[in-house]
Amino acid sequence: MTVRTRFAPSPTGYMHIGGMRTALYAYLFAKKNNGTFILRIEDTDQEREVPGAMDRIYEALRIADLRYDEGPGVGGDYGPYVQSQRRELYAKYAWELVEKGGAYPCFCTRERLDSARQEYEARGETFKYDKHCLDIPLDEAKRRIAVGEPFVIRQNVPLTGKASFDDVLFGHIEVDCSTLDDTVLLKADGLPTYNFANVVDDHLMGITHVLRGTEYLSSSPKYNLQYESFGWEKPTYVHLPLIMKDASHKLSKRNGDPTFEDLLQEGYLCEAVINFIALLGWSPGNDREFFTLQELEEAFDLKGINKSSAIFDKDKLTWMNSEYIRRMPFDAYLALAMPWFEKAGVVHMDVKRLAELMQGRTEVFNRIPPMVDFLAEMPAFDTALYTHKKMKTDPEVAAKALALAKPVLECVTDWQETTIHDALMAAIAESGMKNGQVLWPLRIAISGRESTPGGAIEIAYLLGKDETLRRLERSIAGLQ
RNA sequence: GCCUCCGUGGUCUAGUGGCCUAGGACACCGCCCUCUCAAGGCGGCAACACGGGUUCGAAUCCCGUCGGAGGUGCCA
């Protein structure tokens, strides 16, 4: 039997980190087993419809290179793969379930339900639908429906006995049917709820392994009841632990946590994000941390998945991202960094050299501008910056150092790092001052920054002779 | 409240009865290198939630407690 997995997001307008990881695992598991990975869009909630949301999903999966073998746009033998286009199917199966006793039509109004729910809550109990409409004879129900009375179809959960299912990670999960509610399967608008659509579609699409978040763990016994009523073979379940913001909050866009797209926009590399989230809740069983997608396809194993939820540690992602940046070919770095250099207004200088200096210092691309913008415009700075104990400098030493450096730099005709370096070093040696006593103040004088990506010589080179001398003169004046 | 699940350093994790005076990574701290920063090298801080069992022996098995999460929608 070939493995068939699916990623079934609802189009909310962006890709959650958690959703991305679910997609990744479902993809990896399929690839690892030479199986089929399917994309299915769960858009049965019309009120939540977000224009363009499906495109965002396709785009995110495309960028991450999580290629689906079947799904919207690519086709397949089990389509359509968008639930809103499968409407008639659900109605058909819902009524089949009614015939088999696993479900029944319900005419209760929301008002009745809401007040009942409130009563339960007031008593501190969990609301359960009272099967009020279960006794309505089927032909009477059909008559009312024919007349146009609004209705839903509810699952008919037995009042007694147990419901259960088996999960690869969590083992056997069993609950008393008495704790289960008769949930709505088919809504008044004729579309199914998740509680029904997932069962029907997973069956119809031949899904063998269901990988989804643990938020479905407690409702899965109910889904199994449906499989049993239909007489369908159950898939293998793998419930994935949640990704948290901290110990008690889920990672969520609403709380301002980044989505997959947000991370890419900030300047995280897709490969780094994928690598990082693969390791959020899964371990290869050894100390290895760096994986390409292809390597993950090889290494992935359900046994390595953790049962407890994981906190999304952006600092570690940032570290991993900087490692990816450091390891990438220089030309690739240059191409990706260029827009950020443009933003900082520094492309008129030797950007290639700047990029060489920056590649090893870039953690996330959006951190580039604040690191290099001083090159575009000399910032105001406090002369206290001239004081550095280890360099043995202070404003007084700085004044001497700058006075020494200025004529030396003026005499450099071929403005290159080597020539600047040689001229400066010769003068320093002759003066009897220490390297740091001249180079530190000089760097401060032309950058205005306590720390810069490169030393005085690199900065002077990037700035060019005219700008370097202009800044130097102003800083010298500032010391008087 | 009720139901289900989870519980190794601040964080991600290795660990499936002896290899554990618990390993790796991020973060943090210190030192070295060095004209700053970064990188690199070296070192450090820091965990088996708690309490009972079982066993010659428990992070690993059992029970309880506590803590956390998920579910409890005509959302998914």
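Order of the sequence lines fixes the chain letters, A, B, ..., with proteins taken first and strands second; residue numbering starts at 1 for each chain. Every value quoted in this text rests on a predicted model; they were computed, and no experiment measured them.
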Would you sort out whether A:F381 and A:Y386 count as a side-chain contact (heavy atoms from CB on, under 4.5 Å), showing the intermediate values?
CA-CA 10 Å; A:F381 70 100; A:Y386 286 122; 3.4 Å; yes

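- At a threshold of 4.0 Å, the pair A:E356-A:K352 does not count as salt-bridged, since none of the basic side-chain nitrogens sits closer than that to a carboxylate oxygen.
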Protein-nucleotides 10-16 of chain B N/O pairs under 3.5 Å:
residue	atom	partner	partner atom	Å
B:C12	OP1	A:I311	N	2.9
B:C12	O2'	A:L279	O	3.0
B:U13	OP1	A:G281	N	2.5
B:A14	OP2	A:N306	ND2	3.3

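- In this structure, A:I457 reaches the bases: a heavy-atom distance under 4.0 Å links it to at least one base atom across the strands shown.
- At least one cation-pi condition fails for A:R21 and A:F260: the charged atom is not both under 6.0 angstrom from the six-membered ring centre and inside a 45 degree cone around its axis.
- No donor-acceptor pair closer than 3.5 Å links the side chain of A:D182 to the backbone N or O of A:N156.
- Within the nucleic acid shown, A:M244 comes within 4.0 Å of sugar-phosphate atoms alone, with no base atom in reach, counting heavy atoms only.
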Per-nucleotide protein contact string for nucleotides 71-76 of chain B (B base, S sugar-phosphate only, - none; heavy atom under 4.0 Å):
SBSBBB

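- For A:E363 and A:R326, the salt-bridge test fails: no basic side-chain N is under 4.0 Å from an acidic carboxylate O.
- Base-pair partner of B:G70: B:C3 (Watson-Crick or G-U wobble, both distances under 3.5 Å).
- A side chain to side chain donor-acceptor pair (under 3.5 Å) with A:N198 is found for exactly one of A:R6, A:Q83, A:R212, namely A:R212.
- Nearest to the side-chain atoms of A:M391 among the listed nucleotides B:C35, B:A38, B:C5 stands B:C35.
- A salt bridge links A:R288 and A:E295; the closest N-O separation between the charged side-chain nitrogens and carboxylate oxygens is under 4.0 Å.
- Across all strands shown, A:Q46 has no heavy atoms under 4.0 Å from either base or sugar-phosphate atoms.
- Ion pairing between A:K131 and A:D181 fails under the 4.0 Å rule for side-chain N and carboxylate O.
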Can you name the atoms? Protein N/O to nucleotides 31-34 of chain B N/O, anything below 3.5 Å, with the distance.
residue	atom	partner	partner atom	Å
B:U34	O4	A:K390	NZ	2.8

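- The nucleotide B:G10 finds its pairing partner in B:C26, both defining distances of the Watson-Crick or G-U wobble pair being shorter than 3.5 Å.
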